[in-house]
Amino acid sequence: MKKYDDTSKASIIDFAKKLRGQTLREACGKEIEAHGIQGKGNFGQILEKYYFEYPINSKAEPDFPKVGIELKSSPLKVLKNDQVRAKERVVLSIIDYLKVHEEHFETSSFWQKNSHLLFVFYLHSKDEYLLDYLIKLVDDWEYSADDKRVIRHDWEIINQKIKDGKAHELSEGDTFYLGACTKGSTAMKSLRVQPFNDEKAKQRAYSLKPGYVNHIIAKIAQAETGVYGKLFEQPAVLCANLSIEEIVNLHFKPFYGMDVDNILKKLNVKPNKNAKNFLASLTKAILGFESNQEIEEFVKADVQVKTIRLQENTLPKESVSFPCFEYRSLIETDWEDSEFKSILESKFLFIFYQIEGKKLFLKEAKFWNMPNADILEAKQVWDVTVKNIKTGKIVKEVTKTKAGKKKRHTYFPKSKHNRISHVRPHAKNSHDTFDLPVADNKTGVTEYTKHCFWLNNRYVRDEICLK
DNA sequence: GCATGATCATGC
DNA sequence: GCATGATCATGC
């Protein structure tokens with residue numbers, strides 16, 4: 001006898017929710033121990049076969065075809081502060097380059113399969129067997145009207161690129177909530193034919209970006225924290241049917257060419273001009289938010305907002321920093337799963353301010369994402385950094401400044417070594433450190449000042465500002 | 001004048 | 001106390 005009624009949404013969802021607080025081993029009984037299923041899709045496949053008891057398939061129709069629900073299982077990770085986040089993006093269906101360009105969103109195979117999802121989120125642990133992962137959150141998911149609009153727009157951006165014969169240039173950062181992520185074990189194996197260009201393209205799948213998955217998790221856990229502001233809820237743009245990019249442009253364009261004091265006057269706000277986050281506050285104010293508000297759409301899309309001060313010669317005054325890395329976890333993570341790669345694959349919003357005399361003018365706000373070839377070039381910086389840390393090759397020389405302060409010169413890649421990126425300190429001071437997995441060869445120290453990857457200011461000028 | 005090492009201000 | 005988003009300061 002069936003354990004649930006596969007013609008009833010409520011029955012399926014209720015049956016799924018019984019998984020909460022259990023492991024697969026507990027939920028499926030003894031026969032699961034001899035499951036014999038290998039490979040990467042394991043958790044989801046066992047869930048389908050032994051809990052829901054339907055044959056594993058990769059059909060175009062949803063997993064529960066009679067009610068149009070697609071089952072998705074996905075891992076969670078726990079942060080240092082005990083909060084729960086998505087461990088990775090959620091991968092949806094493969095993009096069929098040869099067919100999708102003939103489709104319309106509402107009737108597309110993507111929307112037919114993925115418009116109503118049923119999520120099973122489990123706690124991932126590298127110390128445990130997957131049958132013993134604890135299932136934390138289970139619920140179904142349908143997109144809000146605003147979210148669906150963004151996702152449709154994303155789907156169309158991906159489609160347009162295929163129609164333009166640029167499937168090989170697709171990249172996660174092209175879109176907001178719905179990404180085109182690579183799919184397949186090795187690059188060579190996953191090369192596919194595209195319809196409007198002889199060049200083969202990497203196989204890709206539609207995916208929900210980690211930021212969007214975190215949004216789903218927070219909703220299901222009913223634990224929406226933080227002070228959010230929504231671009232889509234501001235009076236001026238309500239019902240206007242605009243894309244995120246259009247809304248952002250609408251806010252910034254009236255202030256192009258205006259100096260900062262004037263913008264402050266027009267907006268009637270007074271952020272602390274001496275604070276280092278002054279321009280970040282001003283950017284928020286231009287978008288219509290308080291400086292302590294997170295912009296929900298940007299969080300969901302993993303958009304990296306960066307404000308840049310251009311010198312009179314247009315070279316950014318500073319390079320662009322990212323969060324500092326832990327030496328130990330940096331060398332334990334493959335490039336494919338690395339924080340740095342996922343940052344570089346993000347969509348960026350750059351806001352350029354230009355110094356002229358004693359004044360600062362708003363020049364332009366620009367969405368941007370890094371081309372795949374440049375991500376590979378930046379990987380060299382990551383490679384050298386990982387190798388240095390693994391071999392304890394950190395300190396090259398220690399000198400003293402005139403004031404008698406110690407200055408340590410390192411072997412980390414400098415901005416001259418790579419067109420795109422370099423590694424530099426990012427710490428409170430030189431005593432603000434992380435442990436080294438291998439003691440430094442030269443000095444023997446076992447901890448070192450926190451460092452991070454930076455985007456070279458020249459690269460920002462040449463490839464983002466001036467293009 | 002720029003590259004690089006060092007550090008700051010804010011908010012949670 | 002720390003992450004974030006930055007700027008400062010020195011010396012080549």
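In the text below, chain A, chain B and the rest are named by the order of the sequence lines, each starting its count at 1. In this text, all values refer to a predicted model and were calculated from it rather than measured experimentally.
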Which protein N or O atoms sit under 3.5 Å from an N or O of nucleotides 9-12 of chain C?
unit_1	atom_1	unit_2	atom_2	d
C:dG11	OP1	A:Lys402	N	2.9

**Prompt:** Who passes salt bridge (charged side-chain N to carboxylate O under 4.0 Å, His left out) against A:Arg152, sequence neighbours left out?
**Reply:** A:Glu106
**Asked** So does A:Arg309 get a side-chain nitrogen or oxygen closer than 4.0 Å to the phosphate oxygens (OP1/OP2) of C:dA6?
**Response** no
**Request:** Check side chain to side chain contact (heavy atoms under 4.5 Å, CB included) between A:Lys209 and all other residues, then give those that pass, not counting sequence neighbours.
**Result:** A:Glu172, A:Thr175, A:Asp302
**Item:** Spacing between A:Leu315 atom CG and B:dA3 atom P, to the nearest angstrom
**Value:** 7 Å
**Fill in**
Across all chains, not counting sequence neighbours, the salt bridge (charged side-chain N to carboxylate O under 4.0 Å, His left out) partners of A:Lys341 are A:Glu336, A:Glu345
**Request:** Would you indicate whether the side-chain heavy atoms of A:Arg204 and A:Lys183 approach each other to under 4.5 Å?
**Result:** no
**Request:** May I ask you to decide if the ring planes of A:His451 and A:Phe412 are parallel, tilted or perpendicular, using 30° and 60° as cut-offs?
**Result:** tilted
**Output field: ring centroids A:Phe361/A:Tyr353 closer than 6.0 Å** = no
**Prompt:** What is the distance from CG of A:Leu349 to C1' of C:dG5, rounded to the nearest Å?
**Reply:** 14 Å
**Message:** Within the 4.0 Å heavy-atom criterion, would you say A:Thr449 contacts the bases, only the backbone, or no part of the nucleic acid?
**Reply:** nothing
**Request:** State yes or no: are the ring centers of A:Phe340 and A:Phe453 separated by less than 6.0 Å?
**Result:** yes
**Request:** Please state how far atom CZ in A:Arg461 lies from atom P in B:dC2, giving the value in whole angstrom units.
**Result:** 9 Å
**Asked** Rounded to whole angstrom units, what separation is found between the CZ atom of A:Phe412 and the C1' atom of B:dA3?
**Response** 17 Å
**Asked** Does A:Lys450 put a side-chain nitrogen or oxygen below 4.0 Å from OP1 or OP2 of B:dA6?
**Response** no
**Request:** Report the residue (A:Arg458 or A:Arg408) whose heavy-atom-nearest nucleotide on DNA chain B is the more 5′ of the two.
**Result:** A:Arg458
**Prompt:** Which listed nucleotide (C:dT4, B:dA3, C:dC8) is nearest to the side chain of A:Lys317?
**Reply:** C:dC8
**Asked** Hey, is the side chain of A:Ser415 poking within less than 4.0 Å of OP1 or OP2 on B:dC2, counting only N and O atoms?
**Response** no
**Request:** Provide, to the nearest angstrom, the distance between the NE2 atom belonging to A:His451 and the C1' atom belonging to C:dT4.
**Result:** 18 Å
**Item:** Whether A:Tyr327 and A:Phe434 hold their rings parallel, tilted or perpendicular, with breakpoints at 30° and 60°
**Value:** perpendicular
**Fill in**
When rounded to whole Å, the CD1 to C1' distance for the pair A:Ile355 and C:dC8 reads 14 Å
**Message:** Short of 4.0 Å, heavy atom to strand atom, which residues of residues 421-433 of chain A count as contacting DNA chain C?
**Reply:** A:Arg424, A:His426
**Asked** Hey, is the side chain of A:Thr307 poking within less than 4.0 Å of OP1 or OP2 on C:dA6, counting only N and O atoms?
**Response** yes
**Prompt:** A:His417 has an atom NE2; how far is it from atom C1' of B:dC2, in whole Å?
**Reply:** 15 Å
**Asked** A:Ser430: what forms a side chain to side chain contact (heavy atoms under 4.5 Å, CB included) with it, not counting sequence neighbours?
**Response** A:Thr449
**Asked** Expressed in angstrom and rounded to an integer, what is the separation of A:Leu279 atom CG from C:dG5 atom P?
**Response** 14 Å
**Message:** Once you measure the plane-to-plane angle for A:Phe350 and A:Trp368, does it fall in the parallel (<30°), tilted (30-60°) or perpendicular (>60°) bin?
**Reply:** perpendicular
